[in-house]
There are 2 protein chains.
Amino acid sequence: MSQPIDRRVPRTEVRARPAGPPTLATVADEAGVSRQTVSNALNNPDLLRPETLERVQEVIERLGYSPNRAARQLRTRSSHLVGLRFEPAQEGTSNALMDRFLHSLVAAASRTGHHVLLFSGDPDDPLDGYDDLLRSTAVDAFVVTDTYAGTPQAGFLKDRDAPFVTFGRPWEDPHADHAWVDVDGAAGARAATRHLLEQGHRRIAWLGWERSSRIGQDRRSGWEETLRAEGLDPTGLGVRVTDNVDAARMATHHVLDDPSVTGFVCASDTLALGVLHALAERRLQPGADVGVVGFDDSAAAQVAWPGLTSVRQPLEDVAVALVHTLHDVLAHRPVAEQGRMLEPSLVVRRSSLRGWTP
Amino acid sequence: MSQPIDRRVPRTEVRARPAGPPTLATVADEAGVSRQTVSNALNNPDLLRPETLERVQEVIERLGYSPNRAARQLRTRSSHLVGLRFEPAQEGTSNALMDRFLHSLVAAASRTGHHVLLFSGDPDDPLDGYDDLLRSTAVDAFVVTDTYAGTPQAGFLKDRDAPFVTFGRPWEDPHADHAWVDVDGAAGARAATRHLLEQGHRRIAWLGWERSSRIGQDRRSGWEETLRAEGLDPTGLGVRVTDNVDAARMATHHVLDDPSVTGFVCASDTLALGVLHALAERRLQPGADVGVVGFDDSAAAQVAWPGLTSVRQPLEDVAVALVHTLHDVLAHRPVAEQGRMLEPSLVVRRSSLRGWTP
DNA sequence: TCGTACGGTTGGATCGTTCCAGACCCGCCC
DNA sequence: GGGCGGGTCTGGAACGATCCAACCGTACGA
């Protein structure tokens with residue numbers, strides 16, 4: 001009878017070069033210290049004697065060691081991932097917000113050692129996808145962006161006490177106690193309207209969305225109160241359409257049948273482009289004949305002829321604020337400000353300037 | 001002396017409801033089976049007796065159990081995450097490709113149980129960010145999108161034998177043996193040029209990028225060979241500028257000083273919008289007077305006046321092909337086709353149609 | 001001299017899953 | 001009746017990190 005071969009590998013002996021990347025144990029062996037010491041070198045360097053720290057760091061550097069995320073995640077219960085449900089921009093609208101925002105978010109998150117995990121979900125179910133990630137403890141927190149009317153995500157996530165921050169204030173429930181960051185749309189519309197007033201326009205129309213859009217209502221209120229503050233009557237100058245170029249184009253023709261109207265403030269760049277289309281069809285010159293201002297400063301606004309003045313959201317700042325807030329939330333620290341409102345700025349191009357010629 | 005309090009918790013006893021989500025052990029206890037059996041119910045259901053399977057599934061459903069991703073990732077060494085380095089679209093260009101592509105990728109990946117992890121990197125170092133994720137075994141594979149001249153990522157990743165697929169063929173090295181998916185830019189330019197020929201144009205200019213852009217050269221070749229096939233001479237009709245509206249606008253004016261030119265095929269929508277600007281300045285009508293075709297069918301093309309004809313990349317199909325290929329690569333299966341070339345399509349709008357009036 | 005406090009370090013246990021080897025039960029065949 | 005094989009299920013070990021309790025000198029004060 002042959003002896004069974006002992007395949008066990010003694011733990012303390014130096015093993016053959018492992019197949020995968022080096023582990024913490026590899027580093028510890030190599031540096032002649034224990035695993036805990038290496039761990040401390042990474043997470044609590046000030047606990048080590050300087051020369052020990054240096055020696056360990058040298059080995060880490062030399063072996064190109066990075067801690068295994070899965071192991072760390074399993075032990076610490078934090079993945080350093082932030083989940084974001086990613087909806088596509090609708091075709092036919094110029095919503096390039098997401099691109100800019102997303103990059104800002106990725107950059108801001110990376111500064112705190114986090115990554116962004118994208119997921120999708122059934123467009124008809126705003127909650128789809130969240131639960132899976134939560135139950136499998138795949139992400140530490142969520143950034144919720146599509147906070148349209150109702151925002152069921154907030155309640156849903158709070159019920160499971162999942163950490164999250166919304167980009168968009170809680171419209172429905174002003175006493176909601178979750179953290180949020182938002183851009184002051186009314187202030188943007190105020191700036192846009194004031195700008196057209198300064199250009200000498202008196203009859204300035206509003207082209208916006210249906211009444212059900214809280215964001216749209218907010219922006220509209222900025223237009224309305226600016227006109228009133230100037231002693232002007234907005235009655236009959238506010239129009240509501242769906243967010244699409246053609247609907248805006250047709251509505252514009254209707255508005256322009258009243259020749260006294262010479263200015264348009266729009267709830268989106270898509271709508272503003274519709275206004276520009278109508279002007280082109282009427283052979284009116286944007287800027288000189290009619291002033292037009294859009295909203296969001298999308299890529300389309302930047303390349304449209306003759307250059308579309310637009311309200312620009314400070315998405316970089318939004319991203320930084322979101323990450324900052326998440327940081328507090330994750331540390332179970334009381335969030336400094338529960339809601340942070342940021343100011344948009346106006347990017348002036350020729351569509352609102354009187355004195356230019358093609 | 002007081003006895004030290006024994007704080008140990010007996011393993012076999014039923015513990016109080018745990019704080020976190022249910023684990024595999026919870027399910028096993030509840031269903032009266034071992035952990036392995038629950039694991040099999042999830043990963044190899046056909047190993048279980050039907051009634052056992054059903055019982056386990058019922059408990060899983062009832063407790064709302066999802067496997068902990070970190071633990072699974074640690075054990076199986078696969079995270080089900082696909083890394084994508086996310087570069088922002090340049091301001092002032094209308095590159096809305098990323099938005100559409102990204103959503104398609106997220107959707108395609110989710111169908112195979114994968115998520116997309118975004119990371120950023122030093123814009124000056126195309127390799128930055130990859131190594132960290134690799135060494136910490138945070139992602140299973142990469143999708144590489146920015147395969148401009150050189151594509152150092154491919155060599156870098158192959159050296160560490162990290163699984164990856166590129167969106168973009170290996171221009172520099174046609175014998176590179178990594179998997180890729182790409183869109184046939186020359187075919188797109190051919191379709192665009194043919195379309196303008198069908199509209200009756202004979203002198204059709206090309207507005208493209210510098211010679212160093214391989215993608216640009218590829219697209220240009222489609223224009224050139226289509227003209228030649230028609231017995232037309234492209235000499236003097238090809239112009240190279242940087243990808244920005246104003247450069248294109250000025251170049252267009254220069255080209256239009258030769259009144260025989262009545263058509264433009266452009267390497268990007270940004271350039272095509274520059275052509276439209278020049279036409280507006282000359283009071284020429286797009287479509288009727290001069291035919292214009294862009295490339296990429298960006299959001300700006302869709303909302304520009306009077307509607308910009310453009311070559312549309314099948315990004316949804318690209319994403320599906322990428323994920324499909326990754327699937328093979330990850331299974332260490334020989335990839336069916338090393339490179340997959342997809343055909344773009346032409347979206348016709350009024351900028352290239354003769355018979356329309358504002 | 002001894003107890004104590006403390007910085008630095010150690011090995012074992014643990015997170016939740018899958019891999020592995022083997023146990024058990026049943027029916028079948030010699 | 002015993003051996004065999006296949007279907008089903010079990011318990012221990014492992015993945016690679018961090019948490020924890022304890023250990024070991026040294027310095028200090030009583």
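Each chain gets a letter, A, B and so on, in the order the sequences are listed, and its residues count up from 1.
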Spacing between A/L53 atom CG and C/dG7 atom C1', to the nearest angstrom: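 After rounding, the gap between these two atoms is 15 Å.
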May I have the distance from B/L74 (atom CG) to D/dA13 (atom P), rounded to whole angstrom?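 Rounded to whole Å, this separation is 17 Å.
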Tabulate protein N/O versus nucleotide N/O from nucleotides 22-25 of chain D, keeping only pairs under 3.5 Å, one per line.
none

Validation row: [X], [Y] side chains within 4.5 angstrom (heavy atoms):
X: B/Q36; Y: B/N40; value: yes
X: B/Q338; Y: B/W180; value: yes
X: B/D132; Y: B/F119; value: no

Just grab all the side chain to side chain donor-acceptor pair (under 3.5 Å) pairs involving residues 325-335 of chain B, residues at least two apart or on different chains.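 Checked against side chain to side chain donor-acceptor pair (under 3.5 Å) - neighbours excluded - the pairs reaching residues 325-335 of chain B are B/D328-B/R333.
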Five-pair end axes of the helix from C/dT1-D/dA30 to C/dC30-D/dG1 and the angle they enclose, rounded to 10°: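 Between the axes fitted at each end of the helix from C/dT1-D/dA30 to C/dC30-D/dG1 lies an angle of 70°.
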Just jot down the salt bridge (charged side-chain N to carboxylate O under 4.0 Å, His left out) partners of A/R111, sequence neighbours excluded, or say none.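 Salt bridge (charged side-chain N to carboxylate O under 4.0 Å, His left out) check on A/R111 returns nothing, list empty.
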Residues in ring pair (Phe, Tyr, Trp, His ring centres under 6.0 Å) with B/H324, at least two apart?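 Not a single residue meets the ring pair (Phe, Tyr, Trp, His ring centres under 6.0 Å) criterion with B/H324.
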Please identify each residue that fulfils ring pair (Phe, Tyr, Trp, His ring centres under 6.0 Å) with A/F164, with sequence neighbours left out.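 Per chain and number, A/F164 pairs via ring pair (Phe, Tyr, Trp, His ring centres under 6.0 Å) with A/H178.
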How would you list, by chain and number, every residue that makes a side chain to side chain donor-acceptor pair (under 3.5 Å) with [X], sequence neighbours excluded?
X: B/D177; answer: B/K158
X: A/D131; answer: A/R160
X: B/R72; answer: B/N43

Heavy atoms under 4.0 Å, any strand shown: does A/T76 hit a base, just sugar-phosphate, or nothing?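 Counting heavy atoms under 4.0 Å across all strands, the contact made by A/T76 is with sugar-phosphate only.
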What ring-ring contact (aromatic ring centres under 6.0 Å, His included) pairs are there with at least one residue in residues 23-82 of chain B, not counting sequence neighbours?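 Checked against ring-ring contact (aromatic ring centres under 6.0 Å, His included) - neighbours excluded - the pairs reaching residues 23-82 of chain B are B/H80-B/H114.
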Report yes if a side-chain nitrogen or oxygen of A/T23 is closer than 4.0 Å to either non-bridging phosphate oxygen (OP1 or OP2) of D/dG16; otherwise report no.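 Answer is no, no contact under 4.0 Å.
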On a heavy-atom basis, which atom in B/A138 and which in A/R69 lie closest, and how many Å separate them?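 For B/A138 and A/R69, the tightest heavy-atom pair comes out as CB-CD, 2.9 Å.
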Which atom of A/A162 lies closest to which atom of A/L134, heavy atoms considered: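 Looks like CB-CD1, 3.5 Å.
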Taking for each residue the nucleotide of DNA chain D bearing the nearest heavy atom, is the 5' side occupied by B/V33 or by B/A71?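 Final value for this comparison: B/V33.
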Just to be sure I understand the geometry, which residues of residues 35-47 of chain B put a non-hydrogen atom under 4.0 Å away from DNA chain D?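 Residues of residues 35-47 of chain B under 4.0 Å from DNA chain D: B/R35, B/Q36, B/T37, B/L47.
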Listed pairs, N/O of protein and of nucleotides 24-28 of chain C, under 3.5 Å:
none

For C/dT14, does the base pair up with any side-chain atom of A/R75 as donor and acceptor (N or O, under 3.5 Å, distance only)?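 Checked by distance alone, the answer is yes.
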